[in-house]
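Convention: sequence-line order gives letters A, B, ...; per-chain numbering from 1. Heavy atoms only: backbone and side chains are in, while hydrogens, waters and symmetry mates are out.
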There are 2 protein chains.
Amino acid sequence: MKDLKTLLENSELKITPQRLAILKELEKKGHASIEEVYENIKEIFPSISLATIYKNINALKEAGIICEVCSPYKNKYEINKGEHGHFICAKCGDIEDFELTDDMIKSIEDKYPNTKKDIYIYGICKKCKQD
Amino acid sequence: MKDLKTLLENSELKITPQRLAILKELEKKGHASIEEVYENIKEIFPSISLATIYKNINALKEAGIICEVCSPYKNKYEINKGEHGHFICAKCGDIEDFELTDDMIKSIEDKYPNTKKDIYIYGICKKCKQD
DNA sequence: TTCTGTGCAAATCTTTTGCATGGCA
DNA sequence: TGCCATGCAAAAGATTTGCACAGAA
């Protein structure tokens, strides 16, 4: 809770209950789409508008507090937490974070030096493989 | 040209000039968005409808002939050509293909065995870095 | 000839914008 | 108090659908 406030304090953005609620939701879920954020926040915060979610997601993205994770299914958002890998299920859209191993970083550094190593691997997750 | 026809012949989809034009465009550009495909095909094929592009892109995707490359900028499509890496510029949306090195494949295989190794790295391309 | 594909227009999402009001600093 | 943020409604964009006609097999 305190953490999320700090994120906003260190930015140009004002602290509002709506923004805290969005960040809280992303923290809880790890990754969530606009629609998911909206649906969940509406329960606690019935007056919130979808336009507010859009505006804030964009503002938070702009400010570097959150980032977008693209998938063929639906784009999601996560709180920025440095380099890591994403495994994205191409079927259900679920996203799983993973630590980059030294080997991965090295093999990619060879090819693309001085790049932020955000890596995305698309595949079918265990759950979807069973179906 | 012969190749593209064969792709359709081996699928459930009928061969039409529109579909061939879409595939030809993707082959030429490597990667293109719906809008780009539409704008370019319209020059040779003025009567084509945007809805036809959408329907066909979806049908071709469904048939596994093309695949979608997601980016924060704009989604693009490419002819399916087996495992490879994509370097995606998070600023201009340009996509550059690269061969996966054995090291890359190995380090990812360790983490996600038996997955198609389509890897996406987001960064800023040389062109955009200069600005 | 049959059945799928095309093109148009309308319908449906999705996302953005403008503006009056409310609320943080 | 001064401004930025919110919420509403409308606008703008993106994508899908329905249907009559055209064209591939």
Exercise for review: Could you tell me whether the phosphate oxygens of C:dG5, OP1 or OP2, come under 4.0 Å of any side-chain nitrogen or oxygen in B:Asn56?
Suggested key: no
Check your understanding: Does any non-hydrogen side-chain atom of B:Asn40 lie less than 4.5 Å from one of B:Lys28?
Key -> no
Exercise for review: Say whether A:Glu68 and B:Tyr122, considering side chains only, have a donor N or O and an acceptor N or O under 3.5 Å apart.
Suggested key: no
Check your understanding: What is the distance, rounded to the nearest whole Å, between atom CD1 of A:Ile48 and atom P of D:dA5?
Key -> 14 Å
Check your understanding: Atom CD of B:Glu62 to atom P of D:dT16: distance rounded to whole Å?
Key -> 11 Å
Point to revise | Separation of atom CZ in B:Phe45 from atom P in D:dA22, rounded to whole Å | key: 15 Å
Review point. Rounded to the Å, how far apart are A:Leu23 CG and D:dA5 P?
Key: 14 Å
Check your understanding: CD of A:Glu12 versus P of D:dC3: gap in Å, rounded?
Key -> 16 Å
Check your understanding: Cluster question for you: counting only ILVMFWY and a side-chain heavy-atom cut-off of under 4.5 Å, with indirect links fine, are A:Leu26 and A:Leu7 together?
Key -> yes
Check your understanding: Considering all heavy atoms of both residues, which atom of B:Thr101 and which atom of A:Ser107 are nearest to each other, and what is their separation?
Key -> OG1-CB, 4.4 Å
Check your understanding: Closer than 4.0 Å, any side-chain N/O of B:Gln18 to the OP1 or OP2 of C:dG7?
Key -> yes
Exercise for review: Could you state the atom-to-atom distance from CD of B:Glu39 to P of D:dG13 in whole Å?
Suggested key: 14 Å
Review point. Under 4.0 Å between a Lys/Arg side-chain N and an Asp/Glu carboxylate O for A:Glu39 and A:Lys42?
Key: yes
**Study point:** Spacing of B:Ile57 atom CD1 relative to D:dA14 atom C1', expressed in whole Å
**Key:** 14 Å
Practice item. Between B:Ser47 and B:Lys14, just flag the one whose closest nucleotide in DNA chain C comes earlier from the 5' side. Key: B:Lys14
Check your understanding: How would nucleotides 11-21 of chain C be written as a contact map, 5' to 3', with B for base contact, S for sugar-phosphate-only contact and - for no contact, using protein heavy atoms under 4.0 Å?
Key -> ---SBBBB---
Exercise for review: Give a yes/no answer on whether the side chain of A:Thr16 brings an N or O atom under 4.0 Å of OP1 or OP2 in D:dT6.
Suggested key: yes
Point to revise | Length of the line joining A:Ile22:CD1 and D:dA5:P, which is rounded to integer Å | key: 12 Å
**Study point:** Stepwise salt bridge (Lys or Arg N to Asp or Glu O under 4.0 Å) test for B:Glu9 and B:Lys5
**Key:** CA-CA 6 Å; B:Glu9 266 161 9; B:Lys5 233 177 206 167; over 6 Å; no
Check your understanding: Mapping B:Leu13 and A:Ser49 onto DNA chain D by nearest heavy atom, which one lands closer to the 5' end?
Key -> A:Ser49
Check your understanding: For A:Tyr112, does the OH atom sit with more than 12 other heavy atoms under 6.0 Å from it, leaving out its own atoms?
Key -> yes
Exercise for review: Name the closest nucleotide to the B:Pro17 side chain, picking from D:dA24, C:dG7, D:dT6.
Suggested key: D:dA24
